[in-house]
Protein chains: 2
Amino acid sequence: MATIIDVAKAAGVSKSTVSRVLTDNGYVSESSRQKVLAAMEEIGYIPNILARQFQSGVTKTIGFIAPSYLSTMGKFLQVFMETAKKYGYFVNLYLTSGDKQKELEALNQMKFKQIDGIFILTRTNEWEVIEKFSQYGPISTWNRIEEDWIYSAYFDHYEGYFKALNYLYDEGYREFGHVLGNSQNLNTKARMKALKEFHETKGIKLNPDWLIQESRLYDDGKLIGEKWLNSEQKPECLAFYSDYVAAQFISKIEEEGFKSPDDVGVLGFDNSEISDLMHITTVDYSIEKQAYNSFIYLYNQLNDMAIPEEKLTTKIIKRKTI
Amino acid sequence: MATIIDVAKAAGVSKSTVSRVLTDNGYVSESSRQKVLAAMEEIGYIPNILARQFQSGVTKTIGFIAPSYLSTMGKFLQVFMETAKKYGYFVNLYLTSGDKQKELEALNQMKFKQIDGIFILTRTNEWEVIEKFSQYGPISTWNRIEEDWIYSAYFDHYEGYFKALNYLYDEGYREFGHVLGNSQNLNTKARMKALKEFHETKGIKLNPDWLIQESRLYDDGKLIGEKWLNSEQKPECLAFYSDYVAAQFISKIEEEGFKSPDDVGVLGFDNSEISDLMHITTVDYSIEKQAYNSFIYLYNQLNDMAIPEEKLTTKIIKRKTI
DNA sequence: CTGTTAGCGCCTTCAT
DNA sequence: ATGAAGGCGCTAACAG
């Protein structure tokens with residue numbers, strides 16, 4: 001493998017000059033530059049990234065932690081990776097299966113300087129545990145959280161959910177069921193606030209039996225489907241916090257011969273691929289932009305930059321389950 | 001950041017001794033070892049992976065190339081990554097969006113020693129192009145191919161497809177449609193052979209109009225749905241080479257009020273999550289084991305090992321579309 | 001503008 | 001069994 005020394009010899013200059021043209025740093029005469037460039041071309045020189053990383057102490061890679069490969073994640077990951085590449089970063093994916101230990105191992109990679117920063121799609125450990133790692137590099141997440149040492153791609157779930165419920169109201173629904181995420185999650189709290197105000201404003205009473213706070217079980221949607229099937233008082237419609245859970249719900253009730261929207265209206269959330277495939281009416285809240293922002297934040301931290309973030313928006317995607 | 005020198009000082013030995021206990025290589029007296037271990041503990045020493053990688057010229061990471069997020073991929077990726085971690089490897093994911101240039105960039109990472117080996121879920125460039133990169137490290141793929149410089153997680157599609165078609169026959173279907181993948185693909189060729197023999201054996205004539213060779217368009221399934229909708233002579237059932245394409249097909253015909261299996265039987269392939277969600281009858285061909293094998297091959301190549309691969313099996317997963 | 005030199009942290013001979 | 005020394009490829013002062 002050719003090194004800068006080989007290039008230097010071939011070009012008849014010193015290795016520092018070669019390094020200078022490589023990094024575009026410091027003064028190099030045009031003639032030297034040309035000689036070096038020609039020599040690199042001729043020899044087929046390829047810089048050793050390992051040496052560079054070692055020398056600079058920086059890996060130019062970001063860790064991306066997620067519990068598993070969810071369909072929701074596809075779009076997010078794709079944009080995140082594209083943005084990263086555009087700014088010269090690699091992305092390391094860590095699938096934790098919701099295993100705290102695995103998540104910790106991933107976080108440890110930053111301590112070991114294997115990655116420069118971390119993005120957490122959905123955390124598994126408590127924030128207090130994760131916080132310890134922020135001393136080793138920047139962390140950002142998709143969940144909105146209170147802590148200020150961590151960044152969150154902020155989306156106003158309060159406004160989004162309020163809008164969504166009004167849409168359901170306008171479509172004629174009056175008996176609502178709500179399926180929310182983890183109650184500790186700030187997004188969940190914002191949605192909770194929105195739905196309470198919505199029910200008050202419209203003068204519709206809230207059925208506590210159908211105000212579901214999810215844990216983060218894999219097949220929550222199926223469980224909710226069962227609950228619905230066994231329920232005496234079925235709500236007219238259900239608003240989910242995730243397309244994926246909504247899809248599982250529909251899948252479950254279909255097994256027993258029920259259908260949406262005939263038997264129950266279903267509103268998803270994410271506008272992920274699965275919602276398209278299964279014709280689920282859903283809410284688009286610009287996941288792409290959130291992914292972009294999530295990376296940009298990390299990038300800004302790592303490089304002392306201040307690249308502006310994108311403004312997020314919300315949109316109802318009308319399909320067949322409402 | 002503490003280095004081995006700091007540890008050496010604290011332990012009152014030389015850095016070579018520290019290195020020896022670190023690598024478990026060479027002779028170290030038990031007393032020295034204990035002193036070193038204690039010193040590392042006390043100082044909170046963390047080995048610098050970057051330095052190690054640089055020194056050894058090896059990154060202990062494998063590139064995983066895929067065109068985009070596919071639901072099929074979830075399970076495969078998860079097992080691949082778990083196996084990798086078990087053997088001390090990291091995995092770098094590259095999503096190419098079916099863009100040849102992007103795939104090349106990923107391949108180039110191996111040239112730049114950024115990764116030690118590469119796995120390609122589904123290639124975008126021609127094999128001849130990809131072949132050039134095998135000089136930089138081992139490559140394996142999910143597609144079976146003829147070239148011997150590349151490994152493929154082998155699954156006998158001939159046998160699997162034959163079995164699947166017989167199942168459809170036993171269920172009473174007589175008019176078949178076949179949706180196959182890229183015709184250059186050896187798996188496709190194997191399936192082609194199987195279906196020809198099947199039709200001959202059973203004395204059923206093959207409708208050339210419903211022998212579909214796919215290119216690799218994103219929404220092929222929807223296109224096939226349209227074709228089916230506009231078709232005069234609709235086949236009784238359709239056997240797909242992928243759950244995902246089958247899902248798109250069903251999604252499309254449902255938009256026009258048709259249903260499976262009432263209007264057309266649908267057999268998927270992969271037993272991926274989407275087939276579960278949409279109740280698609282499908283063929284399981286142990287994707288997990290293929291993922292395991294794919295990594296093990298790379299590992300064996302990289303480390304001159306001969307860890308045995310897992311034997312693959314096939315199974316019909318009966319759900320609702322047949 | 002360019003060359004010399006000194007590391008970055010670790011592993012690995014080579015003596016002893 | 002241990003220490004000294006050299007080197008992996010590159011960057012970044014520091015002198016000219």
Side-chain angles (χ1 to χ4, degrees), chain A residues 1-40 43-61 88 109-116 136 303, chain B residues 1-40 43-61 88 109-116 136 303:
Chain A
M1 207 90 243
T3 73
I4 45 170
I5 296 190
D6 300 316
V7 176
K9 277 183 194 151
V13 297
S14 78
K15 63 175 185 162
S16 3
T17 301
V18 178
S19 177
R20 282 189 194 99
V21 349
L22 235 29
T23 55
D24 203 19
N25 207 351
Y27 304 98
V28 182
S29 70
E30 194 47 35
S31 68
S32 293
R33 157 171 275 104
Q34 290 310 327
K35 276 190 293 183
V36 169
L37 256 19
M40 293 202 296
I43 297 186
Y45 166 76
I46 295 169
N48 182 328
I49 297 191
L50 260 27
R52 256 191 207 164
Q53 291 184 344
F54 167 56
Q55 199 282 145
S56 66
V58 142
T59 60
K60 288 272 178 186
T61 112
Q109 295 310 312
M110 191 153 70
K111 188 162 154 187
F112 283 62
K113 294 171 145 308
Q114 185 68 26
I115 51 182
D116 300 341
Y136 303 113
N303 302 283
Chain B
M1 207 87 235
T3 73
I4 46 170
I5 296 189
D6 300 316
V7 176
K9 277 182 194 152
V13 298
S14 77
K15 63 175 183 160
S16 348
T17 301
V18 177
S19 178
R20 281 191 193 98
V21 350
L22 235 27
T23 56
D24 204 18
N25 206 352
Y27 304 98
V28 181
S29 70
E30 193 48 34
S31 68
S32 294
R33 159 171 276 105
Q34 290 310 329
K35 277 191 291 181
V36 169
L37 256 19
M40 293 202 296
I43 297 186
Y45 167 74
I46 296 169
N48 182 329
I49 297 190
L50 260 26
R52 259 193 203 160
Q53 291 183 344
F54 167 57
Q55 200 280 147
S56 68
V58 141
T59 60
K60 289 271 179 186
T61 111
Q109 295 311 312
M110 192 151 69
K111 188 162 153 188
F112 283 60
K113 294 168 143 310
Q114 185 68 25
I115 51 182
D116 300 342
Y136 302 113
N303 302 283

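Keep in mind that what you see is a predicted model, and the values were worked out from it rather than measured. What you see below is based on every heavy atom in this structure, not just the backbone, and it leaves out hydrogens, waters and symmetry mates. Quick note on labels: first sequence line is chain A, next is B, and so on, each numbered from 1.
One N or O donor and one acceptor, one from the side chain of A:Ser16 and one from the base of C:dT4, sit under 3.5 Å apart.
Of the candidates D:dT11, C:dC10, C:dT2, the closest approach to any side-chain atom of A:Leu22 belongs to D:dT11. The side chain of B:Gln55 lies closest to D:dC8 when the candidates are D:dC8, D:dT2, C:dT2.
When heavy atoms are screened at a 4.0 angstrom cut-off, B:Thr17 is found touching the sugar-phosphate backbone but no base atom. Residue contacts for A:Val28: at a heavy-atom cut-off of 4.0 Å it reaches the sugar-phosphate backbone alone, with no base atom in range. Using a 4.0 Å heavy-atom criterion, one finds that A:Val18 contacts no nucleic acid atom at all.
Atom CG in B:Asn48 sits about 14 Å away from atom C1' in C:dG7, given to the nearest Å. Atom CZ of B:Arg20 is separated from atom P of D:dG3 by 8 Å (rounded to the nearest Å). Rounded to whole angstrom, the span from the CE atom of A:Met40 across to the P atom of D:dC10 amounts to 11 Å. Distance CD1 (B:Ile5) to P (C:dA6): 16 Å, rounded to an integer number of Å. The distance from atom CD of A:Gln53 to atom P of C:dG7 is 23 Å, rounded to the nearest whole Å. Atom NZ in B:Lys15 sits about 10 Å away from atom P in D:dA5, given to the nearest Å. For A:Phe54 and D:dC8, the CZ to P distance is 13 Å, given to the nearest whole Å. Rounded to an integer number of Å, the gap from A:Ile49 CD1 to D:dT11 P is 11 Å.
Contact annotation: A:Tyr27 does not reach the phosphate of D:dA12 (side-chain N/O to OP1 or OP2, under 4.0 Å). Listed pair B:Asn25 / C:dT12 meets the phosphate criterion, a side-chain N or O lying under 4.0 Å from OP1 or OP2. Contact annotation: B:Ser56 side-chain N/O to D:dC8 OP1/OP2 distance is not under 4.0 Å. Taking side-chain N and O atoms only, A:Arg52 has a distance below 4.0 Å to OP1 or OP2 of D:dT11. For B:Ser14, a side-chain nitrogen or oxygen approaches OP1 or OP2 of D:dG3 to under 4.0 Å. The side chain of B:Ser19 places an N or O atom within less than 4.0 Å of a non-bridging phosphate oxygen (OP1 or OP2) of C:dC11.
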Kindly determine whether B:Ser32 and B:Ser29 satisfy side-chain hydrogen bond (donor to acceptor under 3.5 Å, both in side chains), including the steps that lead there. CA-CA 5 Å; B:Ser32 294; B:Ser29 70; 3.0 Å; yes

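With respect to A:Lys15 and A:Asp6, no salt bridge is recorded, no charged nitrogen being found less than 4.0 Å from a carboxylate O.
Side chains of A:Lys35 and A:Val21 form no contact here, defined as non-hydrogen atoms less than 4.5 Å apart. For the pair A:Met40/A:Leu37, a side-chain contact is recorded, criterion being any heavy-atom separation below 4.5 Å from C-beta on.
Taking every heavy atom of both residues into account, A:Arg52 and A:Leu22 meet most closely at NH2-CG, 3.7 Å.
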